[in-house]
Q: 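Let me begin by handing over the structure; questions about it come next.
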Amino acid sequence: MMSMKWEDKNVWRWLSQPSPTALYDRQIVWLSFGLMLVGLIMVTSASIPVSSRLVDQPFYFAIRQGVYLIGALVLAAVALQIPLARWQQLSVPMLLISLFLLVAVLGIGRSVNGAMRWLPLGVINLQPAEVAKLSLFLFIAGYLVRRHGEVRESVYGFLKPLAVLIIIAVLLLAQPDLGSVVVMFVTTIGMLFIAGAKLWQFGVLLFSGIALVGLLIVAEPYRVRRVTSFLDPWQDPFGSGYQLTQSLMAFGRGDWWGQGLGNSIQKLEYLPEAHTDFVVAVLAEELGLVGVTVVLLMVFALVFRALFIGKRCLEANQLFGGFLAFGIGIWFAFQALVNVGAAAGIMPTKGLTLPLVSYGGSSLFIMSTAVALLLRIDHEYRLETSQAHQRIVTHEKRKRTKA
């Protein structure tokens with residue numbers, strides 16, 4: 001009995017407290033690896049029918065996802081070696097490159113299902129919107145460091161980063177990609193809120209954003225159909241509500257414990273995009289509510305770690321790392337919420353991936369880089385704290401020696 005209590009105490013300490021000797025956050029590493037592994041397994045399961053039909057090779061998308069995963073880990077390893085000061089210097093050039101890519105995709109991009117969102121680069125189709133998300137958040141974190149006082153005290157300082165967001169939003173809406181615009185908008189106002197902008201500014205911005213999104217929905221018939229089908233998908237189950245009704249059937253069949261890994265029926269050409277935007281529906285059917293809950297807890301544990309790291313960095317006056325960690329945390333949380341919410345019928349479909357889980361090279365590369373940035377932010381915080389502690393110890397020893 002005493003042994004069990006001792007083990008439980010140690011497990012809780014491992015989950016809740018960072019190791020004093022490790023100079024990186026182990027929880028983030030294991031949570032990220034866990035989500036990537038779940039993603040690879042579920043993409044393999046969900047993509048077998050469509051792979052067999054398209055290329056007569058059942059593991060075609062699974063192999064590609066495995067290659068993307070290896071590439072993402074290599075990219076994350078490289079990103080981890082770059083100091084935060086260098087990331088801050090590169091934030092503006094990265095933003096300009098993202099703007100160039102967003103313009104280029106409108107001219108030479110590849111159209112899929114009526115959306116011009118991908119740049120063909122041979123072995124991979126790059127989605128500039130994913131690059132733009134990370135670039136924008138890096139830029140805003142750097143801006144908040146440079147203009148922290150101006151953001152808190154001046155309306156002009158509050159509006160300048162929103163002007164950059166508007167430029168990116170216009171280019172994204174031309175693709176069209178309203179989902180990415182909404183994610184960027186929510187994350188941007190979240191970062192500005194953390195920086196201490198006034199509440200009345202958020203009120204005006206929130207109401208303006210809701211009104212603008214409403215106008216954008218009304219302006220395009222396909223967006224109106226998405227909203228109406230989300231409100232009542234069973235009204236047109238073989239038309240505009242088809243994808244959502246099939247997704248809801250997958251959730252219903254999954255019940256508590258699921259039908260078993262590989263036993264989904266909806267992935268057999270009934271549910272469109274089963275291995276990409278709606279992979280969580282297949283997960284729900286095969287692993288049930290329990291499986292979905294575990295995956296969501298893993299995502300939001302990762303988000304919690306990001307917010308915790310951001311809070312510690314801001315308290316230690318490491319502003320760039322703090323603002324960026326908060327931005328990454330809000331981004332992951334909101335995108336996961338939209339993805340799962342769309343699959344479960346809680347909100348309209350937006351074509352957003354589940355972080356580190358859904359199929360796709362661009363999303364996996366950028367999300368892995370964001371995780372590497374979190375590890376780098378935490379590493380530099382721990383290094384600075386360790387060095388400061390060492391300086392205090394050395395100073396105390398010298399005082400005792402003199403005495």
Q: In chain order, what residues pass the side chain to side chain contact (heavy atoms under 4.5 Å, CB included) check against Asn339, with sequence neighbours excluded?
A: Val280, Leu354, Ser358

Q: Identify all side-chain donor-acceptor contacts of residues 324-335 below 3.5 Å with residues at least two apart in sequence or on another chain.
A:
residue, atom, partner, partner atom, Å
Trp331, NE1, Gln335, OE1, 3.2
Gln335, OE1, Lys133, NZ, 3.0
Gln335, NE2, Thr353, O, 3.2
Gln335, NE2, Thr353, OG1, 3.1

Q: Give the table of side-chain donor-acceptor pairs shorter than 3.5 Å for residues 140-147, with sequence neighbours excluded, one pair per line with atom names and distance.
A:
residue, atom, partner, partner atom, Å
Tyr143, OH, Gly157, O, 2.6
Arg146, NH1, Gly142, O, 3.4
Arg147, NE, Glu150, OE1, 3.3

Q: Please, which pairs that meet ring-ring contact (aromatic ring centres under 6.0 Å, His included) have at least one residue in residues 83-107, sequence neighbours excluded?
A: none

Q: How would you list, by chain and number, every residue that makes a side chain to side chain donor-acceptor pair (under 3.5 Å) with Ser368, sequence neighbours excluded?
A: none

Q: Between the main-chain N or O of Ser52 and the side-chain N or O of Gln57, is there a donor-acceptor pair closer than 3.5 Å?
A: no

Q: Arg86: which residues meet the salt bridge (charged side-chain N to carboxylate O under 4.0 Å, His left out) condition with it, sequence neighbours left out?
A: none

Q: How would you list, by chain and number, every residue that makes a side chain to side chain contact (heavy atoms under 4.5 Å, CB included) with Phe304, sequence neighbours excluded?
A: none

Q: Does Arg312 come within less than 4.0 Å of Asp378, counting only side-chain N to carboxylate O?
A: yes

Q: Mind checking what makes side chain to side chain contact (heavy atoms under 4.5 Å, CB included) contact with Leu54, not counting sequence neighbours?
A: Val50, Phe61

Q: Could you walk me through whether Ser264 and Glu285 pass the side-chain hydrogen bond (donor to acceptor under 3.5 Å, both in side chains) test, one step at a time?
A: CA-CA 6 Å; Ser264 168; Glu285 187 178 1; 2.6 Å; yes

Q: Side chains of Phe320 and Leu138: closer than 4.5 Å at any heavy-atom pair?
A: yes

Q: Should Thr44 and Gln65 count as side-chain neighbours, where that means a heavy-atom distance under 4.5 Å?
A: no

Q: So do Leu289 and Asp255 actually touch side chain to side chain, heavy atoms under 4.5 Å?
A: no

Q: Which residues satisfy the salt bridge (charged side-chain N to carboxylate O under 4.0 Å, His left out) test with Asp277, sequence neighbours excluded?
A: none

Q: By ring-ring contact (aromatic ring centres under 6.0 Å, His included), which residues pair with Phe323, not counting sequence neighbours?
A: His148

Q: Using the salt bridge (charged side-chain N to carboxylate O under 4.0 Å, His left out) criterion, which residues pair with Arg64? Sequence neighbours excluded.
A: none

Q: Excluding sequence neighbours, so at least two apart, what forms ring-ring contact (aromatic ring centres under 6.0 Å, His included) with Phe300?
A: none

